[in-house]
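Report on the structure given below.
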Amino acid sequence: MATLVVGVALMVTGGVQADDSRPVLRIAYAEFPPIEYRDADGEAAGLFIELTRKVAEEAGYTPDFLYLPVGRIYLYMKTGEIDVWPGLTAIPSLREEVLESWVRPIPVQLSAWHVDGTPPLTHLDDLRGKTVIVISGYTYGGLLQKLQSREDVHITEAPNHRAGVDMLKRQRGDYLLDYRQPVLDILNQPSDRVLRHSEVRTRHGAWLYSLANPRASILREEFDDAYQRLAERGEVPPAREFEQGYFIIPGFPEDLPR
């Protein structure tokens with residue numbers, strides 16, 4: 001994972017200068033550092049953002065990045081107010097609303113974080129009788145709804161990644177369900193050294209195209225072709241073959257998308 005992230009970071013620097021005469025593509029992004037986030041200057045930044053900028057320009061578009069909460073992104077993907085989102089695959093509420101790119105450039109790992117001394121998660125049933133902290137606005141690919149439906153799992157929300165980590169350290173929950181990269185990005189306090197994590201599921205980062213846009217299938221082909229051209233020139237990592245999810249913890253609901 002670390003090697004891949006470093007490789008992406010090195011290969012996407014020095015992007016192409018955008019041409020204002022090109023058609024504008026409305027691209028949403030959320031707070032998900034270091035994958036995508038808004039930097040101190042209010043600009044879109046992150047590994048997936050730089051890939052997206054490079055691919056969009058290679059495909060002949062001028063990207064217009066819009067910073068939005070995750071819930072608003074879901075809504076705007078359904079209404080067509082945005083064209084593309086560099087997000088995650090297999091989002092149940094968007095299943096009939098988007099096309100996913102065939103290129104899956106970035107793996108994203110969901111983890112159950114815990115403090116030193118708490119047993120690691122080896123089976124999803126280990127959450128029985130536990131309090132699980134989740135990040136507001138995240139659905140975890142449908143997993144949150146499954147956990148909320150269980151009477152033996154208590155769910156409590158944190159407004160953001162840092163708050164979730166701090167709640168965990170204050171023992172306001174037994175586990176924090178959160179993605180590995182954003183949490184690692186903020187572990188900068190000495191007390192954060194007590195944190196450990198167990199892998200729950202690995203998903204794919206992909207470009208999602210709003211089906212409310214009549215050109216969604218064309219955009220997907222243009223982006224995939226642009227990525228392949230960039231990969232052949234060595235400007236982005238080689239395209240990974242389309243495949244199902246990597247790791248899934250035992251006990252993961254079988255009816256959720258893999």
Side-chain angles (χ1 to χ4, degrees), residues 30-33 35-37 68-78 85 87-95 97 107-187 189 191-192 194-205 208 245-258:
E31 191 66 21
F32 196 74
I35 305 300
E36 58 186 50
Y37 61 96
L68 297 167
V70 173
R72 189 69 59 84
I73 292 176
Y74 287 6
L75 173 62
Y76 286 179
M77 290 297 289
K78 294 175 181 178
W85 175 31
L88 296 178
T89 59
I91 299 174
S93 63
L94 294 180
R95 188 177 304 173
E97 310 289 345
V108 179
Q109 178 181 311
L110 177 63
S111 292
W113 295 84
H114 54 94
V115 297
D116 195 16
T118 298
L121 216 63
T122 60
H123 192 288
L124 206 63
D125 284 348
D126 294 341
L127 295 179
R128 288 180 175 176
K130 306 297 183 184
T131 296
V132 179
I133 303 165
V134 299
I135 306 303
S136 179
Y138 283 30
T139 65
Y140 306 103
L143 180 58
L144 177 60
Q145 184 177 11
K146 295 293 184 180
L147 294 177
Q148 288 174 326
S149 68
R150 295 177 57 164
E151 295 181 356
D152 55 0
V153 177
H154 179 253
I155 301 295
T156 184
E157 285 193 1
N160 53 55
H161 305 290
R162 183 70 249 178
V165 167
D166 291 339
M167 287 172 64
L168 184 64
K169 291 191 299 182
R170 291 196 297 268
Q171 299 182 331
R172 292 179 60 186
D174 301 289
Y175 296 94
L176 164 65
L177 195 63
D178 202 354
Y179 292 97
R180 183 173 183 267
Q181 292 97 324
V183 173
L184 288 178
D185 198 59
I186 60 169
L187 296 185
Q189 300 178 10
S191 60
D192 292 339
V194 302
L195 263 66
R196 305 289 183 268
H197 69 95
S198 307
E199 187 174 1
V200 173
R201 181 188 185 190
T202 299
R203 298 170 66 190
H204 304 274
L208 310 184
Y246 300 87
F247 175 84
I248 297 179
I249 195 169
F252 192 87
E254 293 185 359
D255 58 339
L256 288 182
R258 278 2 190 207

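Heavy-atom basis, side chains included; hydrogens, waters and symmetry copies ignored. Everything quoted here is computed from the prediction, not taken from an experiment.
Qualifying side-chain contact (heavy atoms from CB on, under 4.5 Å) partners for Leu75, counting only residues two or more places apart in sequence or in other chains: Arg72, Thr79. Looking at residues two or more places apart in sequence or on another chain, you find no salt bridge (Lys or Arg N to Asp or Glu O under 4.0 Å) involving Lys78. For Ile186, the side-chain contact (heavy atoms from CB on, under 4.5 Å) criterion is met by His161, Arg162, Val165, not counting sequence neighbours. The side-chain contact (heavy atoms from CB on, under 4.5 Å) check on Thr156 picks up Thr131, Ile133, His154, Met167, with sequence neighbours excluded. Lys130 meets the salt bridge (Lys or Arg N to Asp or Glu O under 4.0 Å) test with no other residue; sequence neighbours excluded.
Residue Arg172 holds its CZ atom at 10.0 Å from CG of Asp166, rounded to the nearest 0.5 Å. Remark: Ser111 OG to Leu184 CG distance equals 8.0 Å, nearest 0.5 Å. Atom CZ of residue Phe252 and atom CG of residue Leu110 lie 7.5 Å apart, to the nearest 0.5 angstrom. Interatomic distance, CG of Leu168 versus CZ of Arg196, reported as 11.5 Å (0.5 Å rounding). Taken from CG in Leu208 to CE in Met77, the straight-line distance is 5.0 Å, to the nearest 0.5 Å.
Pairing each heavy atom of Leu256 with each of Gly141, the nearest pair is CD2-O, 4.0 Å. When all heavy atoms of Ser136 and Pro159 are compared, the pair lying nearest together is CB-CA, 4.3 Å. Contact record, Pro33 with Asp185: CB-OD2, 3.4 Å, taken as the closest heavy-atom pair. Listed here is the closest heavy atom pair of Ala158 and Ala163: CB-C, 4.0 Å.
In this structure the side chain of Leu143 reaches within 4.5 angstrom of the side chain of Pro253, judged on heavy atoms. Residues Tyr74 and Trp85 form a side-chain contact, since some pair of their non-hydrogen atoms from C-beta on lies under 4.5 Å apart.
Of the candidates Gln109, Arg203, Arg201, Tyr179 forms a side-chain contact (heavy atoms from CB on, under 4.5 Å) with just one, namely Arg203.
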Listing, residues 114-128 side-chain donor-acceptor contacts under 3.5 Å, not counting sequence neighbours, or none:
residue: His114; atom: ND1; partner: Thr118; partner atom: O; Å: 3.1
residue: Thr122; atom: OG1; partner: Asp126; partner atom: OD2; Å: 3.1
residue: His123; atom: ND1; partner: Asp125; partner atom: N; Å: 3.0
residue: Asp126; atom: OD2; partner: Thr122; partner atom: N; Å: 2.9
residue: Asp126; atom: OD2; partner: His123; partner atom: N; Å: 3.1
residue: Arg128; atom: NE; partner: Asp152; partner atom: OD2; Å: 3.4

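Annotation: Gln145, atom CD; neighbour count of heavy atoms from other residues, nucleotides and ligands within 6.0 Å does not exceed 12. More than 12 heavy atoms of other residues, nucleotides or ligands sit less than 6.0 Å from atom CZ of Arg150.
Ion pairing of Lys169 with Asp192 is present here, as a side-chain N (NZ or NE/NH1/NH2) and a carboxylate O approach within less than 4.0 Å.
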